[in-house]
Undergrad: 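For reference, the structure I am asking about is given below.
On a predicted model such as this, the values are computed, not experimentally measured, just so you know.
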Amino acid sequence: MKTNLFFKLFISALTIFGASHSYAVAMDFTGIYRFEWMELDRPSLSDPYQRKAYGLNYLGLNGKIIASDGINIHTRFDILSNSDPAYQNTQFGQQWGSGNTNASTYPANSTATSKSPESQFLKVSQLYLNVSQEYASIIVGRAPFHFGLGINYNAGLDPFDHYSTVMDMVAVKFLIDNVKYMPMIAQVYDPSISQGGLLQSQSFLVEYESPDNGNLIGVMLERKKGSSGVNDIPVNTGVAPFNNPNGISADSGTDRSDIALQRTSFVLGKEWEPFGFKLEAGFVTGDLGIQKASQGLHWNAYGIATEMYFPRPQSKWDWRLHMGFATGDNPDTADYESFHFDRNYDVAFLLFNHRLGSGSYDLLRTGLIRDQYNPSGGVRKSIAESLDDEAISNTLYVSPRVKYIWNDKLDLVNTITFANLVANPLSGVNVNKSLGFEWDVKLVYRPREKVQWVNEIGFLFPGSAFKVDSITDSGKNFTYGFSSKAVISF
């Protein structure tokens, strides 16, 4: 247990002067330190290459104040997190060699002559109270949330995750034997102290999980409603200021109506001695509160992810198979049909992870969730300037992988991913559905407990979907990427 001496003294002083009795306050800290280097040779798959190479440095610190028996206050500090506005609410680290950004205003801070880079503010991404008893607990505040495999709600629990589902919530969690019940209200957006103009979600989770027999079944229901004043869904109207080319195609004009969405997630899993699987399915339906073809635009989308594994306890070989499907938006229909997996859920090193191909069209129909467009200045992030902010969408994929356990410190993992498009991403143009295939080789080294060093190389053989004759900067040339990253968990 690590304690903050100054904070303990401060709390002790308050209790001495504010009450006749003093109480012991304990603090625990856990977290990760992570450094990663990434190189991608030809993300454009054409000319120019738009090669990118960058390093990221990051510390995530989870604090827990044990205020009393069963009463804990949790928080998360993001230290040297990425300061780019496109990634400021993520778990990306600060770019290695970021220098000083205000040198033009203050010449003394010149990156060429200064002796230190620009310092960064400490960011707090989570703060919540957890009051727990034997069969129930209450959660109040800004807390992480995870469900199933994480294709819909992903708390970013893996040490290499860059994103996290966090909500301003009030939740009550009941745990009776192996069954969990959790009603929850989340305040998504409240722009003013005055009443009205609210975006809120109401959810209910039921989950049964038995470690003894390997059974898992659960359902998560979420209903999100908001008034027209808080409806800020990006749209592409061709008329400023609502002309985001990566937004949802909609009629020109500024009229917005109420938003009402329903998100449903199911998880199912079973383990036997020679075989096990987990499956999560997600569905999104509802009214987006914008107009297309003079009609209200609806969101109707779904996605499925399946993970199969074949355990061999006495063998050095571990076999797994990942398969999935996500609908994509067809620009020729009246509805919006894209289902986006959470960006923490990866099946390949390059595909569905980094932006690939031409920046002139949205192949996977994920532009809605990528911070790419600036209404006042056009495109903010080119393919060469973006981090791994792509997501699984508009695709059908199959990804077998095999891990060879060399020894207790070293694993070698081979993954091959095949993928096809589901919907045609361009209106009036017949696009080939093949996304090609990717071969990834990963070496995982664990020199000691809680320390990992992962080196990975990926070879992408793009399919014909990346090449469209009417788009001059599109191509389907071979590319490869390399990553070396290390994490220390504590």
Undergrad: Are Asn154 and Tyr163 close enough that a side-chain donor and a side-chain acceptor fall under 3.5 Å?
TA: no
Undergrad: With a 6.0 Å cut-off on the ring centroids, do Phe325 and Tyr302 count as close?
TA: yes
Undergrad: Have a look at Phe35 and tell me which of Tyr58, Trp453, Phe160, Trp96 forms a ring-ring contact (aromatic ring centres under 6.0 Å, His included) with it.
TA: Trp96
Undergrad: I would like to know whether Lys278 and Glu307 meet salt bridge (Lys or Arg N to Asp or Glu O under 4.0 Å); could you show each step before the answer?
TA: CA-CA 5 Å; Lys278 288 184 179 179; Glu307 299 180 2; over 6 Å; no
Undergrad: Looking only at side-chain N and O atoms, does Asp168 offer a donor or acceptor that is under 3.5 Å from a partner on Tyr128?
TA: no
Undergrad: Count the heavy atoms belonging to other residues, nucleotides or ligands that lie under 6.0 Å from CD1 of Ile217, then report whether that count exceeds 12.
TA: no
Undergrad: Please check this pair: side chain of Thr30 against backbone of Phe490, looking for a donor-acceptor N/O pair closer than 3.5 Å.
TA: no
Undergrad: Looking only at the side chains, is there a donor atom on one of Ser210 and Asn213 sitting less than 3.5 Å from an acceptor on the other?
TA: yes
Undergrad: Between the main-chain N or O of Leu350 and the side-chain N or O of Glu438, is there a donor-acceptor pair closer than 3.5 Å?
TA: yes
Undergrad: Against Asp411, only a single residue in Lys442, Arg446, Arg401 fulfils salt bridge (charged side-chain N to carboxylate O under 4.0 Å, His left out); can you say which?
TA: Arg446
Undergrad: Pair Lys123, Asp78 - check salt bridge (Lys or Arg N to Asp or Glu O under 4.0 Å), show working.
TA: CA-CA 5 Å; Lys123 294 183 179 180; Asp78 299 294; over 6 Å; no
Undergrad: Any side-chain donor-acceptor pair under 3.5 Å between Ser46 and Asp473?
TA: no
Undergrad: Using modelled atom types and a 3.5 Å cut-off, is there a donor and acceptor pairing between side-chain atoms of Asn477 and backbone atoms of Leu45?
TA: yes
Undergrad: Compute the centroid of each ring, for Tyr404 and then for Trp317, and state whether the two points are separated by less than 6.0 Å.
TA: yes
Undergrad: Mind checking the OG1-CG spacing from Thr417 to Leu435? Nearest 0.5 Å is all I need.
TA: 11.5 Å
